[in-house]
Protein chains: 2
Amino acid sequence: MARTREFDLDAAVNAAMDVFRRKGYEGTSMRDLSEATGLGSGSIYAAFGSKDGLYLAALDLYRQRYAAPMVDLLRSGNDARAVIREVFIGAVDDITGDGRHLSCLIVGASMERAHQDVRVAERLRSTTQSLELALYDLLAEAQLRGQITTDRSATDLAGFLVTSLQGLRVMGAITPDRAALTRYAEVALTCLD
Amino acid sequence: MARTREFDLDAAVNAAMDVFRRKGYEGTSMRDLSEATGLGSGSIYAAFGSKDGLYLAALDLYRQRYAAPMVDLLRSGNDARAVIREVFIGAVDDITGDGRHLSCLIVGASMERAHQDVRVAERLRSTTQSLELALYDLLAEAQLRGQITTDRSATDLAGFLVTSLQGLRVMGAITPDRAALTRYAEVALTCLD
DNA sequence: CACTATCTGGAACGATCGACAAAGTACCGC
DNA sequence: GCGGTACTTTGTCGATCGTTCCAGATAGTG
């Protein structure tokens, strides 16, 4: 009993996400978002309420697409070292994936939006914590099995690994050198020894 | 034979730097900069040419004030482990220093401006490289003396440490927990063992 | 002291910002 | 096919953007 929505909402959020990753929140205008999504600004406001709303939707999509699979991988039950290395290599691949300068939305939001929008801050903390928790469970188990060092608590090791991942994102933005980033990641993994 | 400039140029750049650290490049308006520096927009444009010019000046000041002393410390000739730990603790202090939400301008510029302005990108690469080089020299020497591991090249260790520093800045923006960040930094230092 | 080169703050520029309202369009149940 | 409903488009709103210009203020020169 009504006209059906013509555009694919997920596709629109996906297009918006790419723009936000490339230009940041403040650097992206509604005009940019209209062009990227192919929608008129009216449709955007009807669907998302505001620029902030679309940004939050993009951030949620990013978490769902990139952070959640990481957690799944960490909880897959495979060898701790192997999955953690896989996560790091996947991150490096993502960073140096193509020349489209798609920065990490998590890191970008952390630097640009976390202090301005509490809803963004909440999502960032939630994402980071779920990643840390998955790492913690994996590391604590590995410690019990004597597979990794017990010199440091699993909590600290997990936090450190997340920190390293964030650092790789930043370094990749300055110098997207895949080989170098991979070696830095390998050094980080030696902290488990 | 003319009127002399009345305001302190360095003080103005310093005030602008704080605003850029708090709100980012795009998030800062000329109005913000006028209020922060106490200058009319005319004076700002006469002194710096443009908003970009003032941003570059702020970035240079940041490098001079925070990055350069780090390099000096690393080259002071003291024990490698000790000075590196000092650098990391100093970074954590800087991150959690006060509640003014003064993010790292280097990381902020990396995520927001590196892809848009080549002059920013050059400065970021230069800063990162000089830091890496100072670390490399220090680590290579320490390796010769058998003070740190030789399992990894000094190059990789240096790059990894810089990566960790960047990561700490990001984590600090999400959760400014001094104790946690300190423990993460300590884990990073174990990579030298 | 008068002159003048420079600096100063603020007014004003066109452009663009995010947001919104109204009009037009396509789809549904009947 | 018709009425009603939701979605899309278009145009425009006041505000603010970065920038420029100007008139007045000021300090050094002769």
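Letters A, B, ... are given to chains in the order of the sequence lines, protein chains preceding strands, and every chain is numbered from 1. These numbers come from a predicted model, not from an experiment.
Counting to the nearest Å, the P atom of dA12(C) and the CZ atom of Arg31(B) are 16 Å from each other. Rounded to whole Å, atom C1' of dA19(C) lies 16 Å from atom CZ of Phe48(A). Atom CG in Leu39(A) sits roughly 14 Å away from atom C1' in dT10(D) (whole-Å rounding). A straight line from CD of Glu35(A) to C1' of dT10(D) spans 16 Å, rounded to a whole angstrom. A straight line from OH of Tyr45(A) to P of dC13(D) spans 17 Å, rounded to a whole angstrom. Here dC7(D) presents its P atom at 10 Å from CG of Leu9(A), a figure rounded to the nearest Å. Between the P atom of dG10(C) and the CE atom of Met30(B) lies a distance of 14 Å, rounded to the nearest Å. Atom CG in Leu33(A) sits about 14 Å away from atom C1' in dT16(C), given to the nearest Å.
Applying the 4.0 Å criterion to OP1 and OP2 of dA19(C), one finds that Ser41(A) has every side-chain N and O outside that range. In terms of phosphate contacts, Ser43(B) brings no side-chain nitrogen or oxygen within less than 4.0 Å of OP1 or OP2 of dC7(C).
More than 12 heavy atoms of other shown residues, nucleotides or ligands fall within 6.0 angstrom of atom CZ in Arg75(B).
In this structure, Phe20(A) and Tyr25(A) have parallel ring planes: the angle between them is below the 30° cut-off, well short of the 60° mark.
Under the 4.0 Å criterion applied to side-chain N and carboxylate O atoms, Glu26(B) and Lys23(A) are not assigned as salt-bridge partners.
Thr28(B) comes within contact range of the sugar-phosphate backbone alone, with a heavy-atom separation under 4.0 Å but no base atom that close. Residue contacts shown for Gly38(B) are limited to sugar-phosphate atoms, with no base heavy atom under 4.0 Å away.
When atom types are taken as modelled, the side chain of Ser126(A) and the backbone of Glu122(A) share no donor-acceptor pair closer than 3.5 angstrom.
Checking Lys51(B) against Gly42(B), the closest nucleotide of DNA chain D that is more toward the 5' end is the one next to Lys51(B).
Proximity of Ile148(B) to Leu157(B): side-chain heavy atoms (C-beta onward) are separated by under 4.5 Å at one or more points.
With distances taken from any side-chain atom of Ser29(A) to the nucleotides dT8(D), dG18(D), dC17(C), the minimum falls on dC17(C). Checking dG9(C), dT8(D), dT19(D) against every side-chain atom of Ser50(B), the shortest atom distance belongs to dT19(D).
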